[in-house]
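Report on the structure given below.
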Amino acid sequence: MPTDAPLYAQVEHALSARLGVDLCPGDRMPTEDELIAEFGVSRITVRRAIQNLAAKDLIVTKRGQGSFVAAPHIKQPLTALTGFVEDMEAQGLPSRARVVKIEEIIAPPDARRALELPLGAQITHIQRVRLAVGHPVSFDDTYLPVELGRLIAQDDLENEQIFTLLESRHRTPLVEAAYALQASTANPEVAEALQIAEGDAVFRIERTSFTIGQRPVDHEILHYRGDAITFTTRLPRPEKGMEDQQ
């Protein structure tokens with residue numbers, strides 16, 4: 001952040017950078033007096049920074065108790081093809097990934113069909129837990145054609161997103177994706193990854209992304225915590241024919 005930014009904005013930015021790193025959901029924020037001493041600013045400046053964080057739902061303030069880091073609740077517009085990191089950055093939420101598994105396997109039937117691969121084709125399978133503010137939000141299974149997957153597997157998947165790697169490093173621009181969203185419940189594997197109870201509500205998203213020439217290059221099964229995300233969109237009303245208006 002520029003050093004000529006207002007002091008409250010500088011304090012807000014510094015505190016935001018700690019969320020998910022030094023401060024995780026449920027942790028108590030430093031007191032006003034502690035922040036005044038740390039940053040050498042006025043109480044009004046500290047209060048404005050805290051109020052801004054609360055307005056973004058990054059923290060919650062409890063009367064007589066102080067302020068606490070909030071568990072993230074994300075409003076995700078379904079208007080464009082974006083990755084998890086891009087979605088979190090748009091909402092000012094620090095994010096990272098924890099890689100669970102990288103392996104080469106025979107393509108499962110659904111992934112093979114989605115990626116238009118022949119029977120018995122090898123595929124790269126990447127499994128990650130995606131975290132916002134240090135809180136597990138999504139459990140992702142990603143399937144890539146093996147020639148791309150071997151390249152991606154060498155990258156820093158804890159700090160770089162696959163979409164960016166495909167486009168910026170591996171010359172595979174993404175142009176669109178097909179989505180299928182389904183209400184579901186967490187099986188034991190998903191529940192453990194997302195730190196929820198088996199049977200809790202999750203959003204299951206199946207997404208296949210395409211490069212130039214309508215070639216599918218990335219197939220994903222995403223499980224989002226049901227209490228962590230709301231998907232939004234805006235749809236036009238179809239135009240009626242002239243005969244319907246008479």
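Values reported hereafter were calculated over all heavy atoms of this structure, with side chains retained and with hydrogens, waters and symmetry mates removed.
A salt bridge links Glu12 with Lys56: the distance from a Lys NZ or Arg NE/NH1/NH2 to an Asp or Glu carboxylate oxygen falls below 4.0 Å. A salt bridge links Arg150 with Glu104: the distance from a Lys NZ or Arg NE/NH1/NH2 to an Asp or Glu carboxylate oxygen falls below 4.0 Å. The pair Glu158-Arg98 fails the salt-bridge criterion, with no side-chain N (NZ, NE, NH1 or NH2) lying under 4.0 Å from an Asp/Glu carboxylate O.
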* For Val137 and Ile229, run side-chain contact (heavy atoms from CB on, under 4.5 Å): C-alpha distance rounded to whole Å, both residues' side-chain angles, the deciding distance at 0.1 Å, then the answer. => CA-CA 8 Å; Val137 170; Ile229 192 161; 5.5 Å; no
* Do Gln76 and Thr82 pass the side-chain contact (heavy atoms from CB on, under 4.5 Å) test, and can you show the C-alpha distance, the side-chain angles, and the key distance before you say yes or no? -> CA-CA 10 Å; Gln76 174 59 51; Thr82 55; 4.0 Å; yes
* **Criterion side-chain contact (heavy atoms from CB on, under 4.5 Å) on Ile123 and Leu117, from CA distance to verdict** => CA-CA 9 Å; Ile123 202 169; Leu117 298 172; 4.2 Å; yes
* To do: Walk me through it: do Leu165 and Leu157 pass the test side-chain contact (heavy atoms from CB on, under 4.5 Å)?
  => CA-CA 9 Å; Leu165 292 168; Leu157 295 177; 3.7 Å; yes
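The two residues His73 and Asp227 make their nearest non-hydrogen contact at ND1-O, 3.0 Å. Nearest heavy atom pair, residue Ala97 against residue Arg128, reads CB-CD, 4.4 Å. The minimum heavy-atom distance linking Phe84 with Ser138 is given by the pair CE1-CB, 4.3 Å. In terms of heavy-atom proximity, Gly120 sits nearest to Ile106 at O-CD1, 3.5 Å. Residues Asp110 and Arg113 share a closest heavy-atom pair of OD1-NH2, 2.6 Å. In terms of heavy-atom proximity, Val129 sits nearest to Pro136 at CG1-CB, 3.9 Å.
Side-chain heavy atoms closer than 4.5 Å link hydrophobic residues (I, L, V, M, F, W, Y) into clusters, and following such links, even through other members, never connects Val175 to Leu166. Hydrophobic clustering of Ile, Leu, Val, Met, Phe, Trp and Tyr side chains at less than 4.5 Å, counting indirect connections, unites Leu81 with Leu144.
Glu89 pairs by the side-chain hydrogen bond (donor to acceptor under 3.5 Å, both in side chains) definition with nothing, not counting sequence neighbours. Every residue was checked against the side-chain hydrogen bond (donor to acceptor under 3.5 Å, both in side chains) condition with Ser209, not counting sequence neighbours, and none meets it. In this view, Ser95 satisfies the side-chain hydrogen bond (donor to acceptor under 3.5 Å, both in side chains) rule with no residue, not counting sequence neighbours.
Inter-residue side-chain proximity for Asp87 and Ile74 is flagged as unmet; no heavy-atom pair is nearer than 4.5 Å. By the 4.5 Å heavy-atom criterion applied to side chains, Thr124 and Ile152 are not counted as neighbours. Residues Leu53 and Ser16 are in side-chain contact: their nearest non-hydrogen atoms beyond the backbone lie under 4.5 Å apart. Taking 4.5 Å as the limit, some side-chain heavy atom of Phe231 sits within range of a side-chain heavy atom of Leu181. For the pair Tyr8/Val41, no side-chain contact is recorded, criterion being any heavy-atom separation below 4.5 Å from C-beta on. Inter-residue side-chain proximity for His219 and Thr142 is flagged as unmet; no heavy-atom pair is nearer than 4.5 Å. Put simply, the side chain of Tyr224 reaches to within 4.5 Å of the side chain of Ile205, judged on heavy atoms. Side-chain contact check for Asp218 versus Phe210: every heavy-atom pair is 4.5 Å or farther apart.
Of the inter-residue distances, the one linking His223 atom NE2 with Asn187 atom CG reads 6.5 Å to the nearest 0.5 angstrom.
Looking only at distances, a side-chain donor or acceptor of Glu86 sits under 3.5 Å from a matching main-chain atom of Gly83. A donor-acceptor contact shorter than 3.5 Å links the side chain of Thr172 to the backbone of His170.
Under 3.5 Å, the side chains of Gln127 and Glu103 contain no donor-acceptor pair of N or O atoms.
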Anything under 3.5 Å between a donor and an acceptor, one on a side chain of residues 17-29, the other on a protein residue two or more places apart or in another chain? List them.
| from | atom 1 | to | atom 2 | distance (Å) |
| --- | --- | --- | --- | --- |
| Arg18 | NH2 | Glu38 | OE1 | 3.4 |
| Arg18 | NH2 | Glu38 | OE2 | 2.1 |
| Asp27 | OD2 | Cys24 | N | 2.9 |
| Arg28 | NE | Gln65 | O | 3.3 |
| Arg28 | NH2 | Gln65 | O | 3.3 |

Would you be so kind as to tabulate the donor-acceptor pairs closer than 3.5 Å made by side chains of residues 190-204, with sequence neighbours excluded?
| from | atom 1 | to | atom 2 | distance (Å) |
| --- | --- | --- | --- | --- |
| Asp200 | OD2 | Ala197 | N | 3.1 |
| Arg204 | NH1 | Glu206 | OE1 | 3.4 |

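The aromatic rings of Tyr143 and His125 sit parallel to each other, their planes meeting at less than 30°, with 60° as the upper class boundary.
As a member of the Ile/Leu/Val/Met/Phe/Trp/Tyr network built from side-chain separations under 4.5 Å, Val60 groups with Phe68.
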